[in-house]
2 protein chains.
Amino acid sequence: MKVVSLKPATNDNASAHAQVYEALSEDLIQGQIPPLKPLSLRGIAQRYGVSPMPVREAVRRLIAEKALELQAENKRLRVPHLTEHRLKQLTMARCWVEPELAAMAAPRMARDDIKRLRDDDATLMRALKSGDVSAYMQANHDFHFTIYRAADADLLCGMARSLWLQSGPFMRVVFGRLGTVQLPKDHHQDMIAAFEAGNADAARASMAEDIGEGMNLMLDAIGDHDLPQPKRRGRG
Amino acid sequence: MKVVSLKPATNDNASAHAQVYEALSEDLIQGQIPPLKPLSLRGIAQRYGVSPMPVREAVRRLIAEKALELQAENKRLRVPHLTEHRLKQLTMARCWVEPELAAMAAPRMARDDIKRLRDDDATLMRALKSGDVSAYMQANHDFHFTIYRAADADLLCGMARSLWLQSGPFMRVVFGRLGTVQLPKDHHQDMIAAFEAGNADAARASMAEDIGEGMNLMLDAIGDHDLPQPKRRGRG
DNA sequence: GGTGTCTAATTGTGATCACAAAGCGCTTAA
DNA sequence: TTAAGCGCTTTGTGATCACAATTAGACACC
């Protein structure tokens, strides 16, 4: 494992556990850590060059957000697997929270915010063309959370973040299999138009479609491909 | 501070941090710990007769669920205050999650579950008559989560639990001021009837009304009474 | 060669110590 | 009486050690 620098540039004064949390969160949201990947406190600590202590707090928080799990039998740490059952719940929750956040953001989007949306979408399109899954997921995340942050609803925004943390690793697996070419057309342009018009209902509607299609893709993937399902298989 | 026994009867073999988490959760959901109450890791540790270590993990989890907060300027631990802004978000989220959980539970409620609902409701009515706010909140919680657990949707149920954790302390303040007599008629009988009929739509509807009225009570309380309101929730 | 057993390493958990920062209480001066 | 100064205490944070449980790997045996 390579020792990474914990991006000290982003937040020098933040506590170590917060930095570890941010680093792990980003990796999870971008799907850098695959589902069922076993982790260990000491491993993460070594990777980030800190003691196991702050890792314990960061991991405990991620477990609370269901972005990580402690296996009941083992007490061992890993990235949870996304069953169809849980994916459906995730989809429901995302369809409640995120369209509403878009609607709340609509009357509050400043010119700069909309400009950032255009930039994020441009980055996203470039990533799509070049087939860079990581860059695509990063840009997609930035696009959505530029909107959610503008909604001025910390609680709901936190819920959305938790939902993304949970779907990130699995989303990466699916996108990695399909390739960026097969990804469904997103509704980002519709959203931008809605925000320029200050039309909350239109923003909500296009966000709902965007999420619905994306999650349907993952639901299909669970059925069609034999993705690593936690059967009785003893392979790690 | 009295040292309490951490209810070892409930889960002897569970780890200490899990027991501390359970104990704190229960206190928060029942509103035993008022908003803005300052806490300390060592204080909690002493109270439960453990070292500060497991407390740190339990508290970190509760912070992730926004049931506790670390003041940004102080880095000091306390129960968050519920502003009108956050209460509105809580209400929205509860109105999304919990009625749906009721609908999902409707076709799955066993005879025993419905019997438990009747028992919980009876306990609740007794508490209402005797004016016992603690018992009322406990019974109300049991009633709702008997339903949510039956929905077989761990993720959504966890979301509901987090929302209750956040509203518990404030709810207690409001109910304490109003007294149990002024509490609006709940819709528990309607729900029980819906579950007996296996009518998911009716269950969803009565749950929505139950939550809506309860939260409206709290919204009114924020405006009418001068509850301990921090001047401004602005950042910076 | 396959199988069981035993040892050594790794894991999460808990306790204890050290430290900087912030709060608290007392004192003191205007 | 009030407000500022100062030392002690408490706070969260991080590191290190100890321990039981589990795992993985080597070894011996059939």
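Sequence lines set the chain letters: A, B, ... in the order given, protein chains first and strands last, and positions in each chain run from 1.
- If you take CD of B:Q71 and P of D:dT13, they are 12 Å apart, rounded to a whole angstrom.
- Between A:N74 and D:dT23, a side-chain N or O to OP1/OP2 separation shorter than 4.0 Å is present.
- The residue among B:E57 and B:P52 whose nearest nucleotide of DNA chain C lies closer to the 5′ end is B:E57.
- At a threshold of 4.0 angstrom between heavy atoms, the contacts of A:R60 are confined to the sugar-phosphate backbone, with no base atom among them.
- In this structure, the side chains of A:Y48 and A:L24 come closer than 4.5 Å at one or more pairs of heavy atoms.
- Across the protein-nucleic acid pair, B:Y21 atom OH and C:dT13 atom P stand 15 Å apart, rounded to whole Å.
- Summary of the strand contacts: B:R76 and A:M53 both lie near DNA chain C, and taking for each the nucleotide with the nearest heavy atom, the more 5' one is attributed to A:M53.
- Side-chain rings of A:Y21 and A:H17 stay apart, their centers remaining 6.0 Å or farther from each other.
- Whole-Å rounding puts the B:L39 CG to D:dT10 C1' distance at 14 Å.
- Enclosure of atom CZ in B:R161 by more than 12 non-hydrogen atoms of other residues, nucleotides or ligands within 6.0 angstrom is indicated.
- In this structure, B:F170 and B:H81 have perpendicular ring planes: the angle between them is above 60°, well past the 30° mark.
- A donor and an acceptor atom sit less than 3.5 Å apart, one in the side chain of A:R42 and one in the base of C:dG12.
- With salt bridges taken as basic N to acidic carboxylate O contacts below 4.0 Å, none links A:R61 and A:E57.
- One atom, CG of A:L70, and another, C1' of C:dT10, lie 15 Å apart when rounded to the nearest Å.
- Whole-Å rounding puts the B:Q46 CD to D:dG12 P distance at 13 Å.
- The nearest whole Å value for the distance from the CG atom in B:L41 to the P atom in D:dT13 is 7 Å.
- Nearest-nucleotide assignment on DNA chain D puts the 5′-proximal partner with B:K75, out of B:K75 and A:R56.
- The residue B:I63 sits apart from the nucleic acid: no heavy atom pair falls under 4.0 Å.
- Of the candidate nucleotides C:dT13, D:dT11, C:dG12, C:dG12 has the atom nearest to the side chain of A:S40.
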